[in-house]
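Beneath this line is the structure, given in structure tokens, with notes to follow.
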Amino acid sequence: MADISLSGIKKSYGKAKVLHGIDIDIKHGEFVVFVGPSGCGKSTLLRLIAGLEPITDGVLQIAGEPVNDLTPSQRKIAMVFQSYALYPHMTVYKNMAFGLTLGNKGPLGGLFGGGENKKLIDEKVQKAAKSLQLEDYLDRYPRELSGGQRQRVAIGRAIVRDPNVFLFDEPLSNLDAALRVNTRLEIAKLHQDLDATIIYVTHDQVEAMTLADKIVVVNEGHVAQCGSPLELYHHPANKFVAGFIGSPSMNFLEGTVTSTNAKTLEIILDYDGSSVKLPVHPDATEVGEKVTIGIRPEHMQEGTDLPFQLSTKVNVVERLGDASYLYLESGAKNPLCIKTDGHSHTKSGETIQICADFSAVHVFNALGNALTRTTTDDRYIAPKQSA
Ligand code: ADP
Ligand code: MG
């Protein structure tokens with residue numbers, strides 16, 4: 001069993017603080033994705049877990065034991081990098097077997113002990129090659145492979161070591177779009193087949209949503225939120241997560257709180273001065289505070305059938321066939337986007353009415369924290385589940 005727990009993990013390079021106290025619990029067998037913008041500290045966190053760099057402060061436990069002072073090999077962790085890091089002068093077979101043959105003596109000799117006998121190594125390589133459909137390529141050199149095949153070799157090299165934990169750092173970034181989807185499916189299947197814990201780093205929220213049991217959103221060295229993909233989609237804890245998860249991104253409109261009572265909040269929108277009463281708890285805000293409301297493009301529609309309404313001008317229409325995206329004036333830098341019927345006849349330049357249900361409206365206070373909803377209507381927002 002390889003439960004992993006991070007508590008109060010900090011990392012500094014000299015005076016530069018990169019991670020500010022990270023707490024995450026990972027269960028054996030879980031597929032956990034660290035997602036966040038470039039530079040937020042994802043790779044650093046992964047390298048600390050792998051043991052490739054010392055932890056500045058905090059405790060990392062694997063299977064209940066602190067491992068801060070253990071070497072990478074003692075942690076029984078295998079890492080797959082974006083750059084594949086294959087040996088160009090070795091065949092696919094040798095690349096995969098190398099970690100098992102390297103060094104012959106004792107626990108620190110090879111990557112995981114090393115020096116296993118030839119027959120056992122061959123069995124492991126053949127089995128991994130089969131599960132990754134690399135059997136026909138074992139005699140080739142990396143330069144004779146496509147990017148996707150090279151990445152599969154890198155994954156195979158991790159599999160043969162039979163680690164407790166797989167770490168992936170942006171493994172699909174160097175692949176073209178079609179191959180990325182394919183390889184993503186293979187990694188999902190791999191996780192089903194292997195009884196292993198996977199920690200996977202990406203800046204791509206779609207990869208995070210499709211692969212993860214649990215997503216950890218990282219922002220500037222802090223955990224912004226941790227939860228299942230749908231928890232993050234339906235119940236973003238703050239404006240950062242709300243804007244990061246979901247594509248196209250959630251729309252934001254600024255406003256000011258004008259009155260509150262036990263279960264509602266009245267807001268005046270900057271855009272058109274209109275007033276709207278929303279079903280949220282007023283506890284974490286006050287009259288006069290600047291707040292932001294957020295509504296996802298797929299939760300808005302043309303017309304006046306739903307109670308939250310706005311009149312605005314269409315700037316651009318994108319027709320994708322199954323759906324059309326309307327980009328609308330919002331008074332702010334970013335246009336409002338609504339996802340509408342593929343058959344919509346709406347044209348740029350028109351002024352239209354758009355609407356949404358109150359249960360689809362998120363409200364964030366001046367600090368960016370989400371206010372709790374008071375509505376039980378779950379047409380748009382799934383009921384919250386305990387983690
Ligand atoms: P991500 O993988 O999320 O894009 P990284 O973990 O690579 O981000 O980097 C996080 C921050 O730490 C960046 O600001 C980066 O410049 C800094 N950083 C990473 N490695 C080092 C290093 N060896 N020395 C100094 N700063 C580093
Ligand atoms: Mg990185």
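Order of listing sets the numbers, starting from 1, for every ligand and every atom in it.
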Does E53 approach ligand 1 within less than 4.0 angstrom via side chain, backbone, both or neither, non-hydrogen atoms only? neither
Please tell me whether T285 and E289 have a donor and an acceptor in their side chains that are separated by less than 3.5 angstrom. yes
Residue pair S344 / D341, side-chain donor-acceptor N/O under 3.5 Å: no
Please state which protein non-hydrogen atom is closest to atom 19 (C) of ligand 1 and give its distance, to 0.1 Å? Y13 CE1, 3.7 Å
Nearest to atom 12 (O) of ligand 1, what protein heavy atom do you find, and at what distance? V18 CG2, 3.2 Å
Out of G36, G41, G14, P37, whose heavy atom is nearest to atom 8 (O) of ligand 1? G41
State whether a side-chain donor-acceptor pair under 3.5 Å links Q205 with Y233. no
Sub-4.0 Å heavy-atom contact, A16 with ligand 1: no
Quick one: look up the protein heavy atom nearest atom 14 (O) of ligand 1 and list residue, atom name and how far away it is. G39 O, 4.0 Å
Whether D169 and R47 form a salt bridge (side-chain N of Lys/Arg under 4.0 Å from carboxylate O of Asp/Glu) is what I want to check. no
To check your reading of the model: name the closest protein heavy atom to atom 5 (P) of ligand 1, its residue, and the distance in Å. T44 OG1, 3.6 Å
Any side-chain donor near an acceptor of the partner, T202 and E170, under 3.5 Å: no
Pick whichever of E220, K42, H203 has a heavy atom sitting closest to atom 3 (O) of ligand 1. K42
Say whether T44 and E53, considering side chains only, have a donor N or O and an acceptor N or O under 3.5 Å apart. no
Donor-acceptor contact below 3.5 Å, side chain S249 vs main chain G243: yes
Would one find an N, O or S atom of S38, in either backbone or side chain, under 2.8 Å from the Mg ion (ligand 2)? no
I need the minimum non-hydrogen distance between P72 and L52, along with the two atoms involved. CG-CD2, 4.2 Å
min-distance protein heavy atom vs atom 7 (O) of ligand 1 -> S43 CB, 3.8 Å
Contact bool for atom 16 (O) of ligand 1 (protein heavy atom, d < 4.0 Å): no
Below 4.0 Å from any atom of ligand 1, is there a heavy atom belonging to R47? yes
